[in-house]
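The shown structure was predicted, so the numbers you read here are calculated from the model rather than taken from an experiment. We number each residue from 1, following the sequence as shown.
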Amino acid sequence: MSAAEALAALLAGHFLTISGRFAPLPSDGLPDWVGQIILLSPAEPGFWPHLTAQPEWLDGQPDPVDRWSRRGFCRLARDLGGKALFPFGGPPYQPFYQWALRSGRAWDSPVRLLVQADQGLMISYRGALGLPGAATLPPAERPCTDCAQPCLTACPAGALTAAGYDVPACHAYLDRHPDGPCLTGGCLVRRACPVSQGYARLPEQSAYHMSRFHKAE
């Protein structure tokens, strides 16, 4: 088994997949031995059933997804001789948005959210690993170039447009429609992306994250 196959098998046990891979810069502030940063995202199908069967989900304590991520990524880092990196736990926060852009597999979408080559607007980065060795994942083609861009007109609140994200307008709409499709199945803009539609993310997972976002208002 090659090193790449061994890494894929190890990640598969956590229902994670590599969604970006690139070489760090000195400004990232990582140890000199880190030769690559690997961005990791949920592997579908199967991620949500796996996560909701974990102790962190079942113990009734706050922040089950972040706590699961911390446990799993720290274990992966130990197994691989690397360093676990997270988009939460700050400030200061790791620059995951900029890291995604530097990976060559995610871009600024027409509605200013990140769009990723395989997951579209459904992209989420549960964490990253700083590892020895060189980055080898090739860049991909930006999916928005030949797309009809339905994301631009999908938001019923007009909160996500080419002008950016009007967060207060989004929350106000969700307040008025607590049983609407945005909260019960996930953001309509994210769901409108053709690449997102090919990614087997369950509606209940999107609904959970939308409810967390709205409660955090």
**OP:** Take Ile37 and Trp99 through the test side chain to side chain contact (heavy atoms under 4.5 Å, CB included) and record every step on the way to the result.
**Re:** CA-CA 9 Å; Ile37 298 174; Trp99 284 356; 3.9 Å; yes

Original post:
Ser103 side chain to Arg21 main-chain N or O, any donor-acceptor pair under 3.5 Å?
Top reply: no

Original post:
Are Val167 and Val189 connected, step by step, through hydrophobic side chains (Ile, Leu, Val, Met, Phe, Trp, Tyr) whose heavy atoms are closer than 4.5 Å?
Top reply: yes

Subject >> Any Ile18 side-chain heavy atom under 4.5 Å of Leu39 side chain >> reply: no

**OP:** Looking only at non-hydrogen atoms, find the nearest pair between Leu183 and Ala207 and report the distance.
**Re:** O-CB, 3.3 Å

Original post:
Distance from Gln119 atom CD to Thr17 atom OG1, nearest 0.5 Å?
Top reply: 7.0 Å

**OP:** Please check if atom CG in Asp146 has more than 12 non-hydrogen atoms from other residues, nucleotides or ligands closer than 6.0 Å.
**Re:** no

Original post:
If we only count heavy atoms from C-beta on, is the Pro49 to Leu202 side-chain gap below 4.5 Å?
Top reply: yes

Original post:
Can you name the nearest heavy-atom pair linking Gly120 to Val195, along with the distance?
Top reply: N-CG1, 3.3 Å

Original post:
Aromatic rings Trp57 and Trp48: how do their planes relate, parallel, tilted or perpendicular, breaks at 30° and 60°?
Top reply: perpendicular

**OP:** Answer yes or no: is there a side-chain heavy-atom contact under 4.5 Å between Leu114 and Ser109?
**Re:** no

Original post:
Charged N to carboxylate O under 4.0 angstrom, Arg102 versus Asp28?
Top reply: yes

Original post:
Do Tyr97 and Tyr93 belong together in a cluster built from hydrophobic side chains that touch within less than 4.5 Å?
Top reply: no

Original post:
Counting only N and O atoms by type, is there a donor-acceptor contact under 3.5 Å from the side chain of Gln36 to the main-chain atoms of Gly130?
Top reply: no

Subject >> Evaluation steps, side chain to side chain contact (heavy atoms under 4.5 Å, CB included), between Leu40 and Ile38 >> reply: CA-CA 6 Å; Leu40 297 177; Ile38 298 179; 3.6 Å; yes

Original post:
Are Cys170 and Phe213 close enough that some pair of their side-chain heavy atoms sits under 4.5 Å apart?
Top reply: yes

Original post:
Does a donor on one side chain and an acceptor on the other come within less than 3.5 Å for Asp166 and Tyr173?
Top reply: no

Subject >> side chain to side chain contact (heavy atoms under 4.5 Å, CB included) against Gln98, all qualifying residues, sequence neighbours excluded >> reply: Pro95, Leu101

Original post:
How about Thr52 and Gln205: do any of their side-chain heavy atoms sit closer than 4.5 Å?
Top reply: no

Original post:
Any luck finding a side-chain donor-acceptor pair between Gln61 and Arg67 under 3.5 Å?
Top reply: no

Subject >> Nearest heavy atoms of Trp107 and Ala117, plus distance in Å >> reply: CZ3-N, 3.6 Å

Original post:
What's the spacing between Cys147 SG and Leu152 CG if we round to 0.5 Å?
Top reply: 9.0 Å

Original post:
Is there a donor-acceptor pair under 3.5 Å between the side chain of Gln197 and the backbone N or O of Tyr199?
Top reply: no

Subject >> Straight-line distance of Arg190 CZ to Met210 CE, nearest 0.5 Å >> reply: 8.5 Å

Original post:
Under 4.5 Å between side-chain heavy atoms, hopping through other hydrophobics if needed: is there a path connecting Tyr125 to Val34?
Top reply: yes

**OP:** Look at the rings of His50 and Trp68 and say which category their plane angle falls in: under 30° parallel, 30 to 60° tilted, over 60° perpendicular.
**Re:** perpendicular

Original post:
Has the side chain of Arg112 got a donor or acceptor atom that lies under 3.5 Å from a matching backbone atom of Thr161?
Top reply: no

Original post:
Is there a donor-acceptor contact under 3.5 Å from the side chain of Arg142 to the main chain of Asp108?
Top reply: yes

Original post:
Under 6.0 Å from the CD atom of Glu141, do we count more than 12 heavy atoms belonging to anything else shown?
Top reply: no

Original post:
Among Pro143, Cys187, Ser196, Pro194, which one satisfies side chain to side chain contact (heavy atoms under 4.5 Å, CB included) with Leu121?
Top reply: Ser196

Original post:
Quick one: does Val115's side chain get under 4.5 Å of Cys193's, heavy atoms only?
Top reply: yes

**OP:** Measure the spacing between OH of Tyr165 and SG of Cys155 and express it to the nearest 0.5 Å.
**Re:** 7.5 Å

**OP:** State which residues pass side chain to side chain donor-acceptor pair (under 3.5 Å) with Arg191; sequence neighbours excluded, sorted by chain then number.
**Re:** none

Subject >> Any donor-acceptor pair under 3.5 Å from Gln116 side chain to Asp118 backbone >> reply: yes

Original post:
Hey, quick one: are Leu129 and Ile123 part of the same hydrophobic cluster, counting side-chain heavy atoms closer than 4.5 Å, chains of contacts allowed?
Top reply: no

**OP:** Let me see the working for Gln149 and Cys144 under side chain to side chain contact (heavy atoms under 4.5 Å, CB included), right down to the final yes or no.
**Re:** CA-CA 7 Å; Gln149 301 183 358; Cys144 307; 4.3 Å; yes

Subject >> 4.5 Å side-chain heavy-atom contact, Ser41 and Leu16 >> reply: no

**OP:** Decide yes or no on side chain to side chain donor-acceptor pair (under 3.5 Å) for Ser206 and Arg201, but give the supporting numbers first.
**Re:** CA-CA 8 Å; Ser206 294; Arg201 178 164 163 169; 3.0 Å; yes

Original post:
Does Asp63 pair with Arg212 as a salt bridge, N-O distance under 4.0 Å?
Top reply: yes

Original post:
Is there a path from Leu25 to Phe22 through hydrophobic residues (I, L, V, M, F, W, Y) whose side chains come within less than 4.5 Å of each other?
Top reply: no

Which atom pairs, donor and acceptor, lie under 3.5 Å between side-chain atoms of residues 71-89 and protein residues at least two apart or in another chain?
from	atom 1	to	atom 2	distance (Å)
Arg71	NE	Glu56	OE2	2.4
Arg71	NH2	Gln54	OE1	3.2
Arg71	NH2	Glu56	OE1	3.1

Original post:
Can you find a pair of side-chain heavy atoms, one from Leu51 and one from Phe47, that are under 4.5 Å apart?
Top reply: yes

